[in-house]
Every structure is written in structure tokens, then in C-alpha cells.
Q: 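For reference, the structure I am asking about is given below.
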Amino acid sequence: MDMSKVFLITDLDGTLLPDNKVLSEGDIKAIKCFVSDGGRFSIATGRTIQASRRYINALDVNMPVILYNGSLIYDVKKDSVIYTEVLPDCARKISEEIMTDNPECGAEILRFDDVYVVRNNEYEIQHMDICKIVPQYTDIEKAPQDNWFKVLFADSPEKITKLCEDVKKYIEVDFVRSADIFIEMLPKGSSKGKALGVYSQKLNMQDFTIIAAGDYNNDIEMLEAADYGCATANAQQEVKDISNIVLKRTSNENAIAELIDMIYSGEIELKG
């Protein structure tokens with residue numbers, strides 16, 4: 001079956017990746033079959049390139065990837081940047097204010113070259129363990145002051161819920177909750193959805209059927225921008241509410257394999 005005009009892009013954590021962060025054989029087999037039939041496959045994640053590379057290498061990712069929740073589109077094969085957005089200079093002051101008002105909140109600055117943990121806590125330690133990277137540990141004053149793709153704040157679910165309300169006063173940037181224990185500061189207007197729109201234009205994919213899968217609030221714009229937005233069974237209710245398709249399986253049950261089966265079975269109508 002010819003899949004050369006079908007583009008499948010999926011979030012990693014909570015969508016393609018199960019709780020143990022190990023790719024399932026079922027998903028790997030389905031993705032490899034899809035790609036061998038000409039399908040275009042990629043990932044869209046809040047992770048850095050360093051934290052995503054082992055999954056990119058394990059899968060047949062044959063298209064550029066969306067990283068940092070939409071702040072970067074990167075062609076891994078050519079080692080080239082297709083599109084990027086960075087935070088404004090005021091992001092440093094905003095970060096300092098948030099850290100002052102929330103003295104136990106962890107914080108990390110993400111640039112292309114590295115991750116800079118400017119305040120550590122148990123949730124930051126957990127995040128670094130999940131990502132399997134060794135960051136730079138420094139004070140915010142000593143961290144590089146330009147080319148920030150995003151700033152991630154990590155704390156208990158209750159404190160992050162409160163922080164989601166507190167940060168609404170900062171209109172120069174955007175914030176998105178990417179997990180129960182994370183909220184992220186992004187460039188104004190930046191999202192996986194905006195990046196997917198730029199992606200489609202730059203790569204001339206207007207005649208492709210674009211299928212996107214996700215599970216959390218930071219995936220909503222991407223699912224809305226795709227021809228078919230698909231939520232895993234474990235997705236947040238807000239994500240299910242805006243999706244064209246709600247899968248029966250969770251990320252622990254080969255949800256992406258289920259989605260690929262739907263493409264082959266004709267349950268998803270393809271362009272042309």
C-alpha cells in the first residue's frame with residue numbers, strides 16, 4: 001500500500017512512549033512497516049535533541065523533528081535547523097521573578113547546545129533521569145543569556161496548578177503545562193501546532209494527509225492543525241475533546257500501532 005503522501009507525527013512522552021520510556025516492539029514494528037511503504041514519520045516533543053536522539057535512532061524517523069514544544073524544527077539527517085523561535089530578553093527577568101515567588105520550584109533553561117539547570121529539586125532530578133542527559137548546573141546569572149528556546153519549571157502538581165494561574169500576567173511570552181509537574185515558558189505564539197503549520201509550508205506538504213497524535217495540553221494546537229488529530233486513551237480530557245479520533249489504546253498498549261492499523265484499514269480517509 002502506497003503511503004508516500006501520508007505524514008504521521010507523534011508526541012513522545014505519554015503518546016509513543018509508555019511509562020517506562022522504552023519503545024514497545026509493537027509500535028516499532030508498525031512504524032517500520034509504515035515507513036517501508038513510503039510513509040513519512042516524525043516526532044514532536046518538548047524534549048531537546050539530546051533527550052530525543054535515542055528514540056530518533058531507534059525508529060525510522062525520515063522527516064525533520066519538532067523539538068522544544070515547537071521552538072525548533074530540526075533536520076536530523078542533514079544536521080540543520082529549518083525553523084526556530086527564541087524567547088525574548090525579558091525571559092530572564094520573568095524567570096527570576098517566578099523563582100523568587102516560588103523558592104522551591106526547580107527550573108531549567110533549554111538551548112540548542114545544552115540544558116542549564118538553574119535550580120535543582122526532586123522534580124528536576126526526576127526529569128533529568130527521564131531524559132537520560134547530564135545538564136549543566138549553574139546559577140541563572142551565569143547561564144548563557146541568549147537563544148533560550150524555553151524555560152521549564154518543575155514542582156509538585158498542586159504548586160504547578162497555582163503557578164499556571166500566576167503566570168497569566170506575563171503577556172510577553174506564552175506558558176503551557178506539559179505534565180502534572182511541569183510548566184514551560186515559550187516564545188509568544190510558539191507551539192507544536194504553529195510549528196506543524198510552518199513545517200507543512202516549508203516542506204510543501206499541502207497535498208499530504210497529516211495525522212498527529214498526542215496526549216497532553218501542549219499537543220492540542222498540533223492536533224487541531226493536522227488533518228486528523230488523534231488522542232491516546234490515556235490523554236487528558238481536553239485533548240480528547242478536540243480530537244478527530246480517540247484511540248482505544250493507551251501509550252502503554254501500543255497506541256501508535258493502533259493508529260497505523262487505522263490508516264491501513266481505511267478508517268482514516270486519505271487525500272487523493
Side-chain angles (χ1 to χ4, degrees), residues 11-14 17 19-22 43-56 65-72 74 81 84-164 166-167 170 172-188 190-192 216-218:
D11 168 56
L12 282 180
D13 299 280
L17 294 182
D19 292 342
N20 65 6
K21 308 302 180 185
V22 177
I43 60 170
T45 177
R47 289 174 177 244
T48 66
I49 184 63
Q50 296 90 341
S52 305
R53 195 176 292 278
R54 71 183 187 276
Y55 301 115
I56 294 169
V65 295
I66 295 175
L67 303 170
Y68 305 93
N69 273 325
S71 292
L72 177 71
Y74 181 65
V81 174
T84 187
E85 289 191 83
V86 296
L87 284 161
D89 293 341
C90 63
R92 175 182 173 180
K93 181 182 179 187
I94 294 171
S95 299
E96 289 173 340
E97 289 179 359
I98 291 172
M99 293 170 67
T100 298
D101 294 340
N102 301 270
E104 296 181 354
C105 187
E108 65 186 63
I109 299 164
L110 292 91
R111 300 171 81 244
F112 187 81
D113 64 338
D114 217 333
V115 175
Y116 297 82
V117 174
V118 293
R119 181 187 286 154
N120 210 12
N121 67 4
E122 62 179 299
Y123 301 100
E124 270 298 317
I125 293 170
Q126 178 182 338
H127 191 217
M128 292 304 105
D129 181 61
I130 289 171
C131 293
K132 304 299 181 189
I133 61 173
V134 179
Q136 300 286 336
Y137 292 95
T138 186
D139 296 329
I140 193 168
E141 297 83 4
K142 297 177 182 178
Q145 297 304 311
D146 58 355
N147 294 319
W148 294 7
F149 288 143
K150 70 176 188 178
V151 182
L152 181 145
F153 300 96
D155 213 332
S156 68
E158 297 78 15
K159 290 181 179 178
I160 292 297
T161 296
K162 180 180 182 300
L163 188 53
C164 286
D166 294 344
V167 298
Y170 298 114
E172 307 94 337
V173 295
D174 282 343
F175 287 86
V176 65
R177 191 167 187 170
S178 55
D180 289 348
I181 60 173
F182 302 138
I183 185 172
E184 303 181 11
M185 183 199 309
L186 299 173
K188 190 71 176 177
S190 182
S191 71
K192 291 182 183 180
Y216 215 85
N217 294 7
N218 58 319

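Predicted model, so just to flag it, every value in this text is computed and none were measured.
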Q: Set out, in order, the CA-CA distance, both residues' side-chain angles and the distance that settles side-chain contact (heavy atoms from CB on, under 4.5 Å) for Met99 and Val118, then state yes or no.
A: CA-CA 10 Å; Met99 293 170 67; Val118 293; 4.1 Å; yes

Q: Which pair of heavy atoms, one from Glu141 and one from Glu96, lies closest together, and at what distance?
A: OE2-OE2, 4.4 Å

Q: How far apart are the closest heavy atoms of Gln50 and Asp114, and which atoms are they?
A: NE2-N, 3.9 Å

Q: Is there a side-chain contact between Tyr74 and Ile56 (heavy atoms, below 4.5 Å)?
A: no

Q: Quick one: are Lys159 and Asn102 in side-chain contact, heavy atoms under 4.5 Å?
A: no

Q: Please evaluate residues Asn218 and Phe182 with respect to the criterion side-chain contact (heavy atoms from CB on, under 4.5 Å), reporting the C-alpha separation (whole Å), side-chain torsions for both, the decisive distance (0.1 Å), and the verdict.
A: CA-CA 11 Å; Asn218 58 319; Phe182 302 138; over 6 Å; no

Q: To the nearest 0.5 Å, what is the distance between CD1 on Ile183 and OG1 on Thr161?
A: 9.0 Å

Q: Taking all atoms of both residues into account, what is the closest heavy-atom pair of Ile140 and Arg92, and its distance?
A: CD1-O, 4.2 Å

Q: Would you check if Leu87 and Val173 make a side-chain contact, meaning some heavy-atom pair closer than 4.5 Å?
A: yes

Q: Just so I know, are the side chains of Leu67 and Thr45 near enough to count as touching, which here means a heavy-atom distance under 4.5 Å?
A: yes

Q: With the side chain counted from C-beta on, respond yes when Lys93 and Glu97 share a heavy-atom pair under 4.5 Å apart, and no when they do not.
A: yes

Q: Are any non-hydrogen side-chain atoms of Glu108 and Met128 less than 4.5 angstrom apart?
A: yes

